[in-house]
Amino acid sequence: MKTLPLCRIVGLGHCLPNAPIGNADLIARYGLQSTPDWIEQRTGITQRYFVQAGQTTSTLAAIAARAALVQAGLEAGQIDAIVVATCTPDYTFPSVATLVQAALGARAGGIALDVNAACSGFIAALSMAQGLFATQPGVQNILVIGAETFSNVLDFTDRSTCVLFGDGAGAVVLQRNPAGEERGVLHIQQGADGTHASLLHSEFGVAQGNIAGTVHMQGAAVFKHAVRQMGDADQAQALLQLSGHSLDDVMWLVPHQANARILEAAATSLGVPMDKVIMTVADHANTSAASIPLALSVAAEAAKLQVGQLVLLQAFGAGFTWGSASLKI
Ligand code: ACO
């Protein structure tokens, strides 16, 4: 028997801080031994956004959340839970979600927590939200946010990593479905393989006696794992079959925006044509956990997402961690 989705997306919003920084500007600003063409050809990235002093992950998250609330036609006081996916939080504690709750004036006593699954964090946050709908009958509306200020953990002397990332936030409002509703978050699958932690990591952390490190990555190895995981057609088919769909039914593939070449290879492996792939990496660079909700919000703004369409989210990130979600808009 087909299970009906517990919730659907009723609002989307995003935040990209300040003016975009083009490849030439980035190279000049940090004295990188690189060229705009190298960056664009190897990654598809033409620009990214960075926060300035005083702007934090929670700042971006709250702006994206407010935009999503407006679209949903809801007040902050109607939000029962806030789940933020991030690996660049304002503080070790409290969570970004609690800061967003306070900034929005959302109701005290509601749930607020962060999840960290690096670049696949938004899928983990979505899964957490599904769990809250399933187990807490009083929960009606949940804000799920992906927000990052990756510029804080970039080594600007390492040209092979600092050109790849950007800052931003994307937010969705999920609302509990009325009985019989067929639209919404259909199914989610997640996984992790911690044996690959060293291929993409920051070298410090609180338990190491230092607050944060910078991004270290074995790019070619990460590239292969990302394509294999985000392009796993059997896994995607199995997920879609749970709701009686197949890859042919997918209207939009929204992958984690790591690198245009990774996205092209993953889409090819899934057999999804590029005109059905939402690509924002050129304009936003890799915003880690923010990239999927940012891409969804931008696609909705461009009127690409239409009611009834089937959307497949595919994410991969440090750990390694990964996840997919099927949605009916
Ligand atoms: N400008 C100019 N040259 C550069 C730059 C740069 N910004 N960065 C690296 N190079 C050089 C390298 O030093 C190397 O020089 P060498 O041959 O003299 O040693 C040369 O370019 C080729 O390097 P490769 O690593 O082979 O280049 P590749 O084509 O693999 O591209 C890249 C590198 C873009 C990092 C690629 O491996 C990649 O995209 N990997 C995936 C990384 C990724 O997207 N990570 C995101 C986090 S994970 C995630 O989100 C899923």
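Whatever order the structure lists them in is the order used to number ligands and atoms, beginning at 1.
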*May I ask you to decide if the ring planes of H225 and H196 are parallel, tilted or perpendicular, using 30° and 60° as cut-offs?*
tilted
For ligand 1, list all ligand N or O to protein N or O distances below 3.5 Å, rounded to 0.1 Å.
unit_1: ligand 1; atom_1: 1 (N); unit_2: S34; atom_2: OG; d: 2.6
unit_1: ligand 1; atom_1: 7 (N); unit_2: S34; atom_2: OG; d: 3.2
unit_1: ligand 1; atom_1: 7 (N); unit_2: R159; atom_2: O; d: 3.0
unit_1: ligand 1; atom_1: 13 (O); unit_2: R159; atom_2: NH2; d: 3.0
unit_1: ligand 1; atom_1: 27 (O); unit_2: R42; atom_2: NH1; d: 3.2
unit_1: ligand 1; atom_1: 29 (O); unit_2: R42; atom_2: NH1; d: 2.6
unit_1: ligand 1; atom_1: 37 (O); unit_2: G219; atom_2: O; d: 3.4
unit_1: ligand 1; atom_1: 39 (O); unit_2: N259; atom_2: ND2; d: 2.4
unit_1: ligand 1; atom_1: 40 (N); unit_2: G219; atom_2: O; d: 3.0
unit_1: ligand 1; atom_1: 50 (O); unit_2: H256; atom_2: NE2; d: 2.7
unit_1: ligand 1; atom_1: 50 (O); unit_2: N286; atom_2: ND2; d: 2.9

*Could you walk me through whether Q235 and S324 pass the side-chain hydrogen bond (donor to acceptor under 3.5 Å, both in side chains) test, one step at a time?*
CA-CA 9 Å; Q235 198 166 261; S324 312; 4.7 Å; no
*Could you tell me whether the side chain of Q306 reaches within less than 4.5 Å of the side chain of M251, counting heavy atoms only?*
no
*Let me know which of V139, D80, V83 forms a side chain to side chain contact (heavy atoms under 4.5 Å, CB included) with I111.*
V139
*Can you check whether T214's main-chain N or O pairs, donor with acceptor, with E203's side chain at less than 3.5 Å?*
yes
*Can you run down the ring pair (Phe, Tyr, Trp, His ring centres under 6.0 Å) pairs that involve residues 134-153, sequence neighbours left out, and say none if there aren't any?*
F150-F165
